[in-house]
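Worth saying up front: this structure is predicted, and the values here are computed from it rather than measured. Chain naming here is simple, since letters A, B, ... match the order of the sequence lines and numbering starts at 1 in each.
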There are 4 protein chains.
Amino acid sequence: MPDKLTDTIEELVKANRILAHEGVLDAFGHVSVRHPSDPGRYLMSRSRSPQLVEPGDILEYTLDSAPVKPPTARLYSERVIHGCIYQARSDVMAVCHHHAPAVMPFCVAGKPIVPVFHFGATMGASHTVFWDQHDEFGNTNLLVVKPEEGQSLARALGQHSVILMKRHGATVAGHGLRDVVARSIYLCQNAEYQLRAHMLGSPIPLHPGEIKPAGEANLNPPVVGRAWEYWSMRLEAAGAWPPTRSAKAARSKRTEPARAKTRPRTSSKAKRRR
Amino acid sequence: MPDKLTDTIEELVKANRILAHEGVLDAFGHVSVRHPSDPGRYLMSRSRSPQLVEPGDILEYTLDSAPVKPPTARLYSERVIHGCIYQARSDVMAVCHHHAPAVMPFCVAGKPIVPVFHFGATMGASHTVFWDQHDEFGNTNLLVVKPEEGQSLARALGQHSVILMKRHGATVAGHGLRDVVARSIYLCQNAEYQLRAHMLGSPIPLHPGEIKPAGEANLNPPVVGRAWEYWSMRLEAAGAWPPTRSAKAARSKRTEPARAKTRPRTSSKAKRRR
Amino acid sequence: MPDKLTDTIEELVKANRILAHEGVLDAFGHVSVRHPSDPGRYLMSRSRSPQLVEPGDILEYTLDSAPVKPPTARLYSERVIHGCIYQARSDVMAVCHHHAPAVMPFCVAGKPIVPVFHFGATMGASHTVFWDQHDEFGNTNLLVVKPEEGQSLARALGQHSVILMKRHGATVAGHGLRDVVARSIYLCQNAEYQLRAHMLGSPIPLHPGEIKPAGEANLNPPVVGRAWEYWSMRLEAAGAWPPTRSAKAARSKRTEPARAKTRPRTSSKAKRRR
Amino acid sequence: MPDKLTDTIEELVKANRILAHEGVLDAFGHVSVRHPSDPGRYLMSRSRSPQLVEPGDILEYTLDSAPVKPPTARLYSERVIHGCIYQARSDVMAVCHHHAPAVMPFCVAGKPIVPVFHFGATMGASHTVFWDQHDEFGNTNLLVVKPEEGQSLARALGQHSVILMKRHGATVAGHGLRDVVARSIYLCQNAEYQLRAHMLGSPIPLHPGEIKPAGEANLNPPVVGRAWEYWSMRLEAAGAWPPTRSAKAARSKRTEPARAKTRPRTSSKAKRRR
């Protein structure tokens with residue numbers, strides 16, 4: 001089914017750019033989706049900043065995080081985060097690993113994020129769980145690159161949808177790309193409101209019985225669809241969608257003849273490099 | 001009077017976009033206005049993110065929040081917030097329900113917002129009142145969708161113009177669209193300054209006798225008009241006004257023939273979906 | 001000397017727009033300059049949001065804050081702030097009154113701003129002074145509109161260059177337009193760093209003997225000139241300078257014939273209103 | 001090797017603009033690089049706000065911070081910061097001095113920044129060191145302009161890569177331009193997360209044994225290269241790269257004949273000044 005795959009790749013490219021534009025991802029972090037027709041594979045970009053990802057950057061990986069075709073570019077070093085979660089959780093269809101500024105203070109202070117408003121309930125639990133790479137692996141560079149590191153993280157995630165990684169970032173799992181994008185963005189909003197409520201006194205979390213209904217209501221496809229239309233509009237307004245447009249614009253800038261003529265400012269080597 | 005209705009719809013579309021652009025509304029939240037010639041009806045968009053609302057999205061509702069014409073699109077689920085306030089308060093001509101980031105910490109910490117500067121006095125009281133859906137309705141998804149939920153909220157609002165909804169957001173009532181836009185934006189500014197003053201020591205609110213004159217001075221039509229021109233300019237500068245321009249721009253991007261020729265990147269199904 | 005006046009008006013328009021673009025002024029607040037050839041007069045815009053001010057909006061006032069020519073538009077109600085300071089301080093050549101978000105927490109908490117970094121020394125003193133309108137005038141709408149209110153504020157300012165107005169905002173005086181723009185922007189930066197240092201522990205202000213040399217070094221014309229070039233570049237990049245360009249762009253949007261043809265969406269009344 | 005020099009100048013111009021666009025530099029601050037073929041010289045802009053720097057602004061200096069050619073424009077007064085560090089540290093190839101908003105609260109509160117996430121480890125130590133100009137030089141304007149002031153700062157820096165200057169700012173040293181850009185940006189992120197973690201409780205720094213491997217992993221050329229592509233994309237999207245484009249755009253705005261015809265608003269003197 002090539003159409004289904006093409007659609008999934010386009011949605012993954014858009015998810016990359018929305019997450020970057022909404023402040024979840026920056027130069028680093030990544031988002032993946034399980035292959036739409038082969039549950040033993042997943043799709044993710046080559047090593048590239050998410051806001052720059054184009055359809056041609058998307059590669060297929062086995063659940064051992066090996067590229068299906070011999071790679072011609074660098075790969076994300078932390079792809080075991082994705083593969084190990086897909087292996088451990090057949091219900092997970094998409095994964096996002098990030099270092100969002102709103103979430104980092106909690107990863108640094110070791111304080112759990114708790115749902116403090118109805119959209120925050122999409123984390124699906126009364127608090128986030130933690131993983132500390134140092135507990136099991138001692139002094140590392142904090143990157144999750146070995147299979148055993150990915151497996152340890154997946155075990156700590158268990159049946160949760162969000163895990164905070166101490167001194168590092170967060171990983172969010174979802175039932176689909178839009179689900180994981182929505183959960184990641186709402187987690188950031190929740191974290192921000194929780195921190196600021198803490199400054200006013202103390203945040204009062206949702207009643208335990210409110211979390212499930214509020215979480216489900218806000219992950220309902222038409223509700224996520226309304227948010228998706230909003231995030232897409234913002235991406236278009238910023239000139240970051242569709243991806244080919246920016247690529248074309250960037251290219252036309254680079255070859256603009258008028259400029260090259262009036263000010264030949266770089267060596268031939270510099271031109272080649274760009 | 002068709003002209004009056006057309007003007008009101010245009011002002012409502014602009015109010016949607018200003019509130020979104022100034023950070024009061026995001027993918028969610030909504031603003032309504034009482035029908036200019038029939039006080040038994042109100043106008044509000046179909047379910048859509050406010051910054052995307054166009055004139056053709058505006059629908060008429062009875063005060064029971066039923067659409068006057070059979071709807072062909074999804075409706076906001078929380079429209080009883082609007083209908084129940086119009087029923088309870090004949091002086092209210094416009095209503096905005098939102099989850100503004102500046103206000104959320106107060107909804108989460110359960111601390112009232114108090115007027116701390118002259119524009120904050122437009123809330124018209126010495127402190128905001130609170131409503132907690134759980135008190136009367138137990139565990140819900142926190143959305144205000146049943147008539148009895150809307151009525152309970154309207155009762156708690158009483159004669160106030162602002163109510164904070166715990167773990168959820170805020171609802172603001174006003175004597176007209178510009179009034180409710182101004183009150184909503186100034187409430188956010190006031191909340192932000194109050195929180196930051198709290199970090200410095202403790203915020204000192206307005207003297208009780210200052211609230212009424214300062215509130216009235218800043219809701220004076222020429223004063224609100226000056227702010228309205230400013231918010232409109234910002235909306236135009238961001239390319240978000242007039243609404244038809246953005247629609248046209250968006251359409252031209254989608255059908256740009258040069259791009260379609262050089263890179264046919266989506267299946268016919270994907271094209272249909274967009 | 002018409003040239004000198006034209007230049008001063010252009011610089012005043014730019015000062016309005018820079019102060020708005022850098023976050024000192026928003027829909028409200030205003031900046032004025034003493035008349036370049038008549039010290040008994042000052043120049044300030046008609047009542048309009050500073051980022052929208054154009055050369056044709058600038059009016060001449062006597063030091064009693066009466067317009068020299070019969071006004072055809074609304075005037076700022078708080079112009080006595082400017083007139084009374086020019087009357088009391090022959091060394092003051094420019095005045096800015098604002099409610100900058102960075103400064104407001106200090107006006108609300110009643111805590112003085114103290115110079116905490118070298119640019120903050122441009123306030124020229126070891127701490128800001130305060131004025132509380134309620135002390136002398138009781139319950140008001142907090143606007144400074146009567147001559148006696150302006151005179152009281154000018155007395156409290158004394159020989160300082162900055163005064164914080166409780167529950168209201170700040171007023172900054174300078175030896176010229178660029179001086180008052182620089183002082184206003186650096187005051188905001190200083191306030192922000194002071195508040196955040198307070199969150200870390202306690203801010204340590206400049207040594208008393210550092211304030212004068214650091215303040216003078218940073219108000220040196222070439223140093224302010226370098227900042228002015230930076231603020232101007234940012235204004236141009238945002239499309240907000242030169243003023244005629246935006247006006248022209250705005251006008252062309254309003255009369256774009258293609259759009260009017262394909263969607264005649266407003267009544268003749270609405271068109272007239274715009 | 002003129003090509004190598006041309007490439008270095010282009011990279012230095014880009015470093016200036018990236019650091020400005022990412023919020024490290026503003027109207028002030030500066031970045032330099034050691035001359036690519038003569039270790040006894042360094043390259044830095046004439047006195048100009050970094051976001052405006054163009055290739056023609058770059059000058060050569062000896063390590064005594066004297067310009068190699070007689071200057072025709074103003075120079076940065078604080079260039080001894082750069083020269084003295086290059087003299088003291090043969091391993092340092094690039095230096096950035098800044099007053100980044102994220103770092104200033106630590107310079108004001110006198111609290112060290114400690115690495116709290118893996119990118120923060122690029123500071124290469126368990127905490128930043130401090131220098132206080134007042135300790136050795138008493139009351140100054142806080143600018144580092146005398147050779148002995150620069151030497152004192154370089155001594156305090158020692159073998160570290162970051163030094164905080166009390167009531168002033170920070171100086172960052174690196175093994176190359178991209179290295180110093182990355183370190184400066186990550187220092188800001190780290191400072192922001194540390195301050196916010198402090199608001200939640202207390203920040204838990206990296207284990208001492210994690211700092212070296214995490215720092216090296218994130219300064220690895222391909223990893224910095226990925227970030228560099230991201231920062232470059234953001235610069236291009238903002239219209240701030242390439243430099244000639246903005247210059248050309250700015251020039252075309254200034255001479256746009258249509259505008260000049262329809263509204264001749266400035267005196268000939270004003271035109272000359274622009």
**Study point:** side chain to side chain contact (heavy atoms under 4.5 Å, CB included) assessment of His207(A) paired with Arg167(B)
**Key:** CA-CA 10 Å; His207(A) 290 273; Arg167(B) 308 180 303 291; 3.6 Å; yes
Let me confirm one number: the [atom1]-[atom2] distance from [X] to [Y], rounded to the nearest 0.5 Å.
| X | Y | atom1 | atom2 | value |
| --- | --- | --- | --- | --- |
| Tyr230(A) | Leu52(B) | OH | CG | 9.0 Å |
| Ser47(B) | Arg226(A) | OG | CZ | 4.0 Å |
| His99(B) | Tyr193(A) | NE2 | OH | 9.0 Å |

Taking every heavy-atom pair that is under 4.5 Å apart, which of [options] has the most such pairs with chain A?
| options | value |
| --- | --- |
| Gly138(B), Pro101(B), Gly110(B) | Pro101(B) |
| Ser77(B), Ala27(B), Pro50(B), Ala238(B) | Ala27(B) |
| His198(B), His134(B), Gln194(B), Met199(B) | His134(B) |

So which part of [X] gets closer than 4.5 Å to some heavy atom of chain B, the side chain, the backbone, both or neither?
| X | answer |
| --- | --- |
| Pro205(A) | backbone |
| Glu216(A) | neither |
| Glu229(A) | both |

Review point. Which atoms form the tightest heavy-atom contact between Ala197(A) and Pro105(B), and what is the distance?
Key: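 Where Ala197(A) meets Pro105(B) most closely, the heavy atoms are CB-O, 3.7 Å.
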Check your understanding: Taking all atoms of both residues into account, what is the closest heavy-atom pair of Leu200(A) and Ala109(B), and its distance?
Key ->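 Result for this residue pair: CB-CB, 4.1 Å.
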Exercise for review: Inspect the surroundings of NZ in Lys111(B) and state if more than 12 heavy atoms from other residues, nucleotides or ligands are less than 6.0 Å away.
Suggested key: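 Counting other residues, nucleotides and ligands, NZ of Lys111(B) stays at 12 neighbours or fewer.
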Review point. For the candidates Val223(A), Leu206(A), Ile211(A), which exhibits the highest count of non-hydrogen atom pairs separated by less than 4.5 Å from chain B?
Key: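 Winner by heavy-atom pair count: Leu206(A).
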Point to revise | Phe28(B) ring center near Phe119(A) ring center (under 6.0 Å) | key: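 Yes; Phe119(A) has its ring centre under 6.0 Å from that of Phe28(B).
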Is there a side-chain contact between [X] and [Y] in this structure, where contact means two heavy atoms from C-beta onward sitting under 4.5 Å apart?
| X | Y | value |
| --- | --- | --- |
| Glu192(B) | Arg196(A) | yes |
| Asn141(B) | Lys212(A) | no |
| Leu142(B) | Glu210(A) | yes |
| Val108(B) | Ile204(A) | no |

Check your understanding: His168(B) versus chain A, heavy atoms under 4.5 Å apart: side chain, backbone, both or neither?
Key ->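 Both parts, backbone and side chain.
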Practice item. Side chain from CB out, backbone as N, CA, C, O: work out which of these in Arg48(B) comes under 4.5 Å of a heavy atom of chain A, or both, or neither. Key: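 Its backbone and side chain both get close to chain A.
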